[in-house]
Amino acid sequence: MMDGQPPAKPPAPVHGSGSGSGVQHLDARHRTDITLGQYLMDMTNVALRAQHCADAAEKAEHRLGVIADAIGKLAPVFERGHALDRRLIEQFEQTGQRIEQAQRCARQASVDCQAAAEGARLAAMAVGRVYGEDQDAKEEAGLDHASAAVHHEGH
């Protein structure tokens, strides 16, 4: 556009579920760009991706542990039985320490990703529960649309 603003998206039609006469039109400021179903699907995908990342981090932690164990077994052998430059042995030991640090990071990443997956799952459940309660209250009151508390404050 000429003014540098992105083109406006057309508002999505909103369908009433109450006793109204078919399609109900809401003022633009009350419309949303996402449905509950889309939100729940997005949060499910977040939870699945986070769990996939947690699993990958757990596998990485295990693989790094195997490497760290091998280095831990080799370091004393190099020190005792081989005429290796001390600098090489020190680099080998530093590599082992870095691998152990990477293993700790992978462990923490797995824990954090599991927490993210659980958070997404809990958020979706909470939103679904509250939305359902709002819908039940709306239908019990015979309304086509729920109304935000801000519309009733001070009246």
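Not measured: the values here are computed from a predicted model.
Using a 4.5 Å heavy-atom threshold, the side chains of Val66 and His62 count as touching.
Interatomic distance, His52 NE2 to Leu48 CG, rounded to the nearest 0.5 Å: 10.5 Å. To the nearest 0.5 angstrom, Asn45 atom CG is 11.0 Å from Leu40 atom CG. One finds the CG atom of Asp134 at 8.5 Å from the OH atom of Tyr131 (value rounded to the nearest 0.5 Å). Between Gln135 atom CD and Leu143 atom CG the span is 10.5 Å, to the nearest 0.5 Å.
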Side-chain donor-acceptor pairs under 3.5 Å in residues 97-107, sequence neighbours left out?
from   : atom 1 : to    : atom 2 : distance (Å)
Gln103 : NE2    : Glu61 : O      : 3.4
Arg107 : NE     : Glu61 : OE2    : 2.7
Arg107 : NH2    : Glu61 : OE2    : 3.2

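Linking ILVMFWY side-chain heavy atoms closer than 4.5 Å, directly or via other members, places Met43 and Leu36 in a single hydrophobic cluster. Clustering ILVMFWY residues whenever any of their side-chain heavy atoms sit less than 4.5 angstrom apart, transitively, puts Leu88 in the very cluster that holds Ile71.
Residues Val46 and Ala120 come closest through the heavy atom pair CG1-CB, 3.8 Å.
With sequence neighbours excluded, the residues that form a side-chain contact (heavy atoms from CB on, under 4.5 Å) with Gln114 are Gln51, Ala54, Glu58, Ser110.
No more than 12 heavy-atom neighbours from other residues, nucleotides or ligands sit within 6.0 angstrom of CZ on Arg87.
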